[in-house]
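These notes are about the structure you will find just below.
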Amino acid sequence: MAAKEKLVEAITAMDQDFTQWYTDVVLKSELIDYSSVKGCMILRPYGYAIWENIQKNLDNMFKETGHENVAMPMFIPESLLQKEKDHVEGFAPEVAWVTHGGSEKLAERLCIRPTSETLFCDHYSQIIQSWRDLPKLYNQWVSVVRWEKTTRPFLRSTEFYWQEGHTAHATAEEAVEETIRMLNVYADFYRDYLAIPVIKGQKTEKEKFAGAVDTYTVEAMMHDGKALQSATSHYFGDGFARAFEIQYSDKNNKLQYVHQTSWGLSTRSIGAIIMVHGDDNGLVLPPRIAPIQVVIVPIAAHKAGVLDKANELKSELSSSFRVKLDDSDKMPGWKFAEYEMKGVPLRLEIGPRDLEQNQCVAVRRDTGEKTVLKLENLEAEVQRVLDEIHDTLYQRALSSLNSRIYEASDWETMSRMIAEKPGFVRAMWCGDLECELKIKDDLGATSRCMPLEQNSVSSTCVCCGKPATKEVIWGKAY
RNA sequence: CGAGGUGUAGCGCAGUUGGCUAGCGCGCCUGCUUUGGGAGCAGGAUGUCGGGGGUUCGAGUCCCUUCACCUCGACCA
């Protein structure tokens, strides 16, 4: 069929060119458009709706763990940014500066937040006096700006949306506990809402956040075997507290520094959804964050009763699900292809044949499986199928991840794995920066994380052969 | 920021050694018709040829300059 061939051309096949496939999907499914500002993207309604669903569900998890939302300014005075040495060194190269207000040159230039540690710290130094003021468990949903050299939709853009949690605690133990708690929240969120398995781990010294004592990460594997750092959680110790003089009087009336954390998840997670679940027909959205969970396509809508029934189904299902009825005059086949490209988890077809039998035809996006559902008890059936789709997506992603994690105990094996097999390699490391750099320079792989669940692949460093201290997951990353 | 590439209608492209009114497919609009996997017919609209400057009787085409985007590296969520 000629039209079918054209459709195949519309989205580049994954195997043929993965990055082009990604760009095609992102644009054609109308998630984003490029804007006239370099490196900035427009989140279109369909893309923003995904983000809204991510926000809503993740925000609930934050609230359940005792956090409150705030909104900090988007400007940071240069002097404030300068206060923590490592932090400013890490971010200074990629901040945008405001130098004028109207036509007046500012006495002190303001940077547009690349992240808000300094603002939270400054505020905390004002509002924290007593042990009774702790902990402070704040979060904000905002956009930040980082002047990146090259950009890609969702994965790296000049401005991006995220949430950043910033907490202050009385003790190091509490702060460490919070850091791990939020890491687990992210991992659970990825599993339960995005149907994406992640590996929890700690970043190496080289890869950790500017100003952090420890950085934890959840790493996901994309369809092409590359890693995506999917969210991070940082333990700051009292470094920022000392730089910003955030002190409180403890129960013994002694001045103490607070211990802090920060943690973030961005619109990059949408990139993960696309690259983990998508296929050659376009997006495949996990049901719990899909803007449209069920699309109803009437067949022969001009025939008596069809459209009425379709509307009836819509209003019945709308109380429990996000439903769209497409009663436009496009051909049914066009609609099938369109909603498949947009990743709608479940399609219900209702036509004259179904009316007679009091049924509808249900087609799953994840498997393409076509079944007939009776209209009585439809709501429960739809719920069951959506849950099944979620589980299928997760299991599929999990086996894809597991089947592409390899082990290497010597340099030669490691080189071959990285060069020939897209995916992650588990290998031991001595802890020296030199080895980490050599692996990056020679093999093109970076340390993704030191997994929390440590296994011993061998006793010696895969690079230098000296005694190993850590198991590291290596891979090429976005 | 290094190396390479591309800019012509909403999208994808053609446009010969400079030549007349800048074209094709898809999409879009109107009408009829059709509807269980991207329908058909008829009619119609749409361009500062990325921007600026230059050469020329004449520039989409040649020269200079600038901007944007893409791919691969270096850097990050």
Side-chain angles (χ1 to χ4, degrees), chain A residues 1-12 17-20 22-24 27-28 33-41 90-91 93-95 114-115 143-164 186 203 206-210 215 217-220 227-234 262-272 281-282 297-303 306-307 326-341 347-355 359-361 363 368 370 372 440-441 444 446 476-478:
Chain A
M1 191 179 289
K4 190 71 184 170
E5 282 159 27
K6 232 168 259 163
L7 173 64
V8 172
E9 282 171 9
I11 296 177
T12 306
D17 184 343
F18 191 75
T19 57
Q20 191 58 52
Y22 179 80
T23 306
D24 286 351
L27 290 174
K28 286 179 200 297
D33 200 2
Y34 294 109
S35 76
S36 51
V37 184
K38 182 182 166 65
C40 295
M41 62 182 180
F91 282 102
E94 55 181 29
V95 296
T115 179
S143 70
V144 291
V145 168
R146 297 181 188 177
W147 219 257
E148 302 287 354
K149 309 283 198 255
T150 54
T151 58
R152 297 193 53 201
F154 294 118
L155 303 178
R156 185 189 308 136
S157 49
T158 301
E159 181 185 15
F160 61 91
Y161 293 85
W162 73 346
Q163 56 70 217
E164 43 178 328
Y186 288 139
K203 286 291 185 185
K206 172 180 173 298
E207 298 286 331
K208 77 181 192 186
F209 181 83
T215 288
T217 176
V218 291
E219 298 284 324
L228 189 73
Q229 179 175 306
S230 302
T232 46
S233 185
H234 315 290
S262 83
W263 25 275
L265 177 146
S266 73
T267 40
R268 176 178 265 195
S269 55
I270 297 175
N281 290 325
V297 178
I299 308 295
H302 61 288
K303 296 252 173 85
V306 171
L307 211 49
D326 188 344
D327 56 1
S328 71
D329 59 2
K330 301 273 196 203
M331 301 294 290
W334 188 93
K335 294 175 185 174
F336 298 164
E338 176 71 8
Y339 294 105
E340 276 165 16
M341 185 178 70
R347 178 176 80 237
L348 300 181
E349 303 170 22
I350 181 100
R353 287 210 295 267
D354 303 306
L355 287 183
Q359 64 181 32
C360 66
V361 174
V363 184
K370 194 177 268 200
V372 171
K440 186 177 182 187
D441 292 343
T446 52
K476 293 179 178 171
Y478 278 99

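If you're wondering where the values come from, they're calculated on a predicted model, not measured in any experiment. A note on names: the letters A, B, ... follow the listed sequences, proteins ahead of strands, and every chain is numbered from 1.
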In whole angstrom, what separates [X]'s [atom1] from [N]'s [atom2]?
X	N	atom1	atom2	result
F336(A)	A39(B)	CZ	P	11 Å
D441(A)	G73(B)	CG	P	14 Å
K206(A)	A74(B)	NZ	P	10 Å
W334(A)	G40(B)	CH2	P	15 Å
E207(A)	C75(B)	CD	P	9 Å
M341(A)	G27(B)	CE	P	14 Å
Y339(A)	G36(B)	OH	P	16 Å
I299(A)	A39(B)	CD1	P	12 Å

Between C28(B), A77(B), C72(B), which nucleotide gets closest to the side-chain atoms of F160(A)?
A77(B)
Heavy atoms under 4.0 Å, any strand shown: does [X] hit a base, just sugar-phosphate, or nothing?
X	answer
T446(A)	nothing
D329(A)	nothing
G264(A)	nothing
V361(A)	base
Y186(A)	nothing
L155(A)	base
E94(A)	sugar-phosphate
P298(A)	nothing
T115(A)	nothing

Can you tell me if Q163(A) uses its side chain to pair, donor with acceptor, with the backbone of L265(A) under 3.5 Å?
yes
Taking R146(A) for the side chain and P114(A) for the main chain, is one N or O donor matched with an acceptor at less than 3.5 Å?
yes
Taking for each residue the nucleotide of RNA chain B with the nearest heavy atom, is it K440(A) or G351(A) whose nucleotide lies nearer the 5' end?
G351(A)
Between T151(A) and E148(A), just flag the one whose closest nucleotide in RNA chain B comes earlier from the 5' side.
T151(A)
Check: D326(A) and Y339(A) side chains under 4.5 Å, non-hydrogen atoms
yes
Check whether any side-chain heavy atom of L355(A) sits under 4.5 Å from a side-chain heavy atom of K303(A), and report yes or no.
no
Go ahead and name the base partner of G37(B); Watson-Crick or wobble counts if both distances stay under 3.5 Å, otherwise write none.
none
Is the shortest side-chain N/O distance from K330(A) to OP1 or OP2 of C28(B) below 4.0 Å?
yes
Under 4.0 Å between a side-chain N or O of K203(A) and OP1 or OP2 of A77(B)?
no
Say we look at A14(B) and G7(B): how far apart would their P atoms be, to the nearest angstrom?
7 Å
Roughly how far apart, to the nearest Å, are C49(B) and G15(B) at atom C1'?
11 Å
Check: U34(B) base within 3.5 Å donor-acceptor of H302(A) side chain:
no
How close do R268(A) and Y478(A) get, counting heavy atoms only, and between which atoms?
NH2-O, 4.3 Å
If we ignore angles and hydrogens, is there a donor and acceptor under 3.5 Å between the side chains of Q229(A) and T217(A)?
no
